[in-house]
Each structure stands twice: as C-alpha cells, then as structure tokens.
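Report on one structure; see the data block that follows.
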Number of protein chains: 2
Amino acid sequence: MNDKFFNLPLEKQQRIINAAYKVFSQSSYKKAPMSEIADESGISKALLFHYFTNKKELYLYLWINAIEMTRKAVREYKTLETNDFFEMLKRSLLSKCSLMRDYPHMYAFSLRAYYETASEIKSAIQENFSDVSKTSEMIVFEKMDTSRLRKDIDLKTMYDEIFYAIDGYMLKKYRSNRIIPDEIELEIISLIDFWKKVYTQKEA
Amino acid sequence: MNDKFFNLPLEKQQRIINAAYKVFSQSSYKKAPMSEIADESGISKALLFHYFTNKKELYLYLWINAIEMTRKAVREYKTLETNDFFEMLKRSLLSKCSLMRDYPHMYAFSLRAYYETASEIKSAIQENFSDVSKTSEMIVFEKMDTSRLRKDIDLKTMYDEIFYAIDGYMLKKYRSNRIIPDEIELEIISLIDFWKKVYTQKEA
DNA sequence: TCTGTATTAACCGATACGGTTAACGAGGAG
DNA sequence: CTCCTCGTTAACCGTATCGGTTAATACAGA
C-alpha cells in the first residue's frame, strides 16, 4: 500500500476505511466491489487504488488494522487486570463499544473475515489470528475468581452462552441497521448486570 | 411459477430449493446469482428459469414456503400446548431442528430475508410477515406459568437473552459451516437444560 | 415412426468488475 | 506569468458475470 494514505487528514482516512469495513462486512470478499467502497467514502475508485494498489491489499490492511486496534483497546481498558468475571466482561465490551464509535462496522467485519473462504486471503488471515479467542478464553478462566459464582452451574456453558448472546445481540443490531454506540453500550451494560445477578451465588 | 415443478421427484425438488435457500442465505438478493443456484442443485440454469420464470418469483416462493413450513412444524410439535416456558422453548427448537434436517439453510434464509432491502421484494416480504415474532412473543408471555421461575429477574430480559443466544449459536454454526442437525439438537437441548436450571426458582 | 415433454448448451445484450491512464486543477516556487 | 508538483478523477480497457431466451437434443410412450 501507499504510505501517502497516512498523510491524509485523519477524518478522511477513517471515512475510507469505514466504508471498506462496511462493504466487506456486508458481502463476501469476492462479491464486495471496490467501486462501492469508493462511492461510500466519497472518493474516486482511482484514488482508492492509488492508496491500496489492489483489493487484496486493502482487505489485508483492514484485517491487520482490526486486530491491532482491538488488542490496543482491550489493553487500554485493563480488561485482564481484574479477577471479577463480570468486571472483565464489562471492560471487554466497553472497549469494543469505544472502538465502535470510530469504526462502526469493524466488529461485523472481523466476525466475517475470520470465516472468509476466498483462497486468496484465507491463509493470510488464519495465520495472523491463530486462536486468539481460544487463548483469551484460557486466560480468562485462569484468572477469574469463581468463589462468588453459583456452584451448581457449568462455567464453560455459562461463558459460551454469554458470548453467543452477545453475538446474537450484535447480529440483530447490524441486520436492522441500528449501530448506535450509546444505545448499545447501555443495553450491553444492562445485560451484564442481568447476568451478574443470575450467575452470582446467593449469600447464605 | 410453473406447476410442473411439483411433478418432479421430491428429492429433486428439495435439492433445488435447498440450493436456493443456501445461495440466498449467503448473499443479498441482488448479489445472489441464479447460475449459482443451478450449479449447486445440479440442473441447468435454463431449467431453473423454466420452473420459476424469474429470480423474484423464486425468492418469493422460498419466503412463502419458509413461513408455511415453519408454522406447520410449530403446530406439529404442539409448541404452544403447554404452559411450561422451557418446554415451549424445547418444542419450538426441536421443531426447527426437524425442519433443518430437510432444509438446512432455511433458518439462515429467513433471518436474512426479513431484513432484505432490495426494493423489488421488500414490500412483499414485510406484508407477509407483519410481526409474527412479536405476536408469538405475546402469546408465550400470556400462556407461560411464571410461578416456578425466579422472582428476582426480569422475564423480558431473560426471554430476549435466550433468543439472542440461540441466534448467536446458530450464527456460529452457519459461519463455520457446521450444520449438523443431530449435533445442533443435542447442544440446544443442553443449553435449554442449562437455562432451566439457571432460571428456575430454588425450592424453599 | 411420430409426438410430446424434460432438459440443456449456446447464446444475447447489458452491466459490473478490477485495474489503468491520461489529464485536470490548485498551490507554491522561481 | 510560467513551470512544476501532487492529489485527484473521468474516462477508459478487457473481461467476467448477470438475468433471461432460444433452438436444439434426448428420450419416453403411442
């Protein structure tokens, strides 16, 4: 890619890569047209190719960028610097909401990219991600304090179920085109509070 | 559409409409090509047009068909003939699993079709569905016996959260291309048992 | 051998694709 | 005023793909 991209005003950079995240999150790699990204970001297709030489390079840049920014946000929110499970959950999701304010479609893009099948990019993606989700899951389980949690339920099922619900919640938001970070943040927090109440051991 | 379609051997009919459900569930209406459906079902594109005159008609047939079959399955499983919430949930999901055996991609298709934006079909779809989900939600809330449920949690949140989780779970299955009804049925049942344990009031 | 029917290869015009090129236009330097 | 730079794009290129059609094939039964 062309480094001059980074000399652009930040707002324009974001407009471009947000358009790209959006288009690539709504269609598969093969069916997502560069022209749509150009139109969506208000620049010409020629300029898009000027900065990102071709489709594949743009896609891989978006992928690397998404991983980096997610890691950074998780770190900034000190997600793993607590052993309270629900506090971890809250920090993790608040960090994602803060990302969503700048890059509304990055979450959906990542979810889709991970399962992308186009041969041209599949290899590059899997190698760069290995098993981040599994690794972080392990870290969470090692760190978390289970003493306050209900003893009669399976923690792995609880963990899976919560993340299914978050994905399902976000899916609905994307499908109905309601990506409003403030609203999502409030609703997510209320979901977490709900889970905390449900899964916390009652005092004797 | 051409009624001769129904004279085809049932297996061939299913192969064709399953191919269509699959292709339309993976791309938006506009970007889902008829040729892909023909290839996937092992017939020629010409024959596909012979039976379903054009793309729009095929899509609407799939939609009507999905609604009808879902209703029928829900009825056959006597989903609403109990007032135990978790029993309702189980019957509802088992009915969907049984449908999944014959039409693996129908669930994903319905989810996508509901939010389809293509002007040519949007109107036809919304009118045929009005607010089935909201209506059935109301029926469930009126019918269900809340006496055994925990008193300290909000039932609407519980209801939403469960359905988010199911959608999230199915999303993962579709994205990772693991549509194995037996496996899904087992895992769903174990999830429901989990929820039942979590949300049921402890005996005094 | 004739007839009707299921099926498709080949085709059609239109459009959309990824990517390129030649030129435009504003702004600064001489 | 001229020249040059550089961000930017309209217009273009060859190819692929789209929805849909047509003319022909294969084959059954009478």
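Residue numbers start from 1 in every chain, and the chains themselves are labelled A, B, ... in the order their sequence lines are given, proteins ahead of strands.
Just one residue in the list F6(A), F5(A), Y61(A) forms a ring pair (Phe, Tyr, Trp, His ring centres under 6.0 Å) with Y51(A), and that residue is F5(A).
The nearest whole Å value for the distance from the CD atom in Q13(B) to the C1' atom in dA6(C) is 15 Å. Across the protein-nucleic acid pair, N7(B) atom CG and dA28(D) atom C1' stand 16 Å apart, rounded to whole Å. Rounded to an integer number of Å, the gap from L47(A) CG to dT21(C) C1' is 15 Å.
For K12(B), taking side-chain heavy atoms from C-beta onward, the closest of the listed nucleotides dT9(D), dT7(C), dT8(D) is dT7(C). Comparing dG7(D), dT9(D), dC17(C) by their closest approach to the side chain of K4(A) singles out dG7(D).
Using a 3.5 Å distance cut-off with no hydrogens or angles, the side chains of D145(A) and S147(A) do pair a donor with an acceptor.
With the nearest nucleotide of DNA chain D identified for both A32(B) and S44(A), S44(A) has the one nearer the 5' end.
The distance between the ring centers of F85(A) and Y199(A) does not fall below 6.0 angstrom.
Ion pair E183(A)/K173(A) flagged as a salt bridge, since at least one NZ, NE, NH1 or NH2 atom sits closer than 4.0 Å to an Asp/Glu carboxylate oxygen. With salt bridges taken as basic N to acidic carboxylate O contacts below 4.0 Å, none links K78(B) and E87(B).
Residue contacts shown for L8(B) are limited to sugar-phosphate atoms, with no base heavy atom under 4.0 Å away.
Remark: S35(A) is in phosphate contact with dC17(C), judged by side-chain N or O atoms under 4.0 Å from OP1 or OP2. Residue Y51(B) places none of its side-chain N or O atoms closer than 4.0 Å to OP1 or OP2 of dA6(C).
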Grab the N/O contacts between the protein and nucleotides 20-27 of chain D below 3.5 Å, and write none if there aren't any.
from	atom 1	to	atom 2	distance (Å)
dG20(D)	OP2	K55(B)	N	2.9
dG20(D)	N7	K45(B)	NZ	3.3
dG20(D)	O6	K45(B)	NZ	2.4

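Judged by a 6.0 Å distance limit and a 45° cone about the ring axis, K172(B) is not positioned over the six-membered ring of Y164(A).
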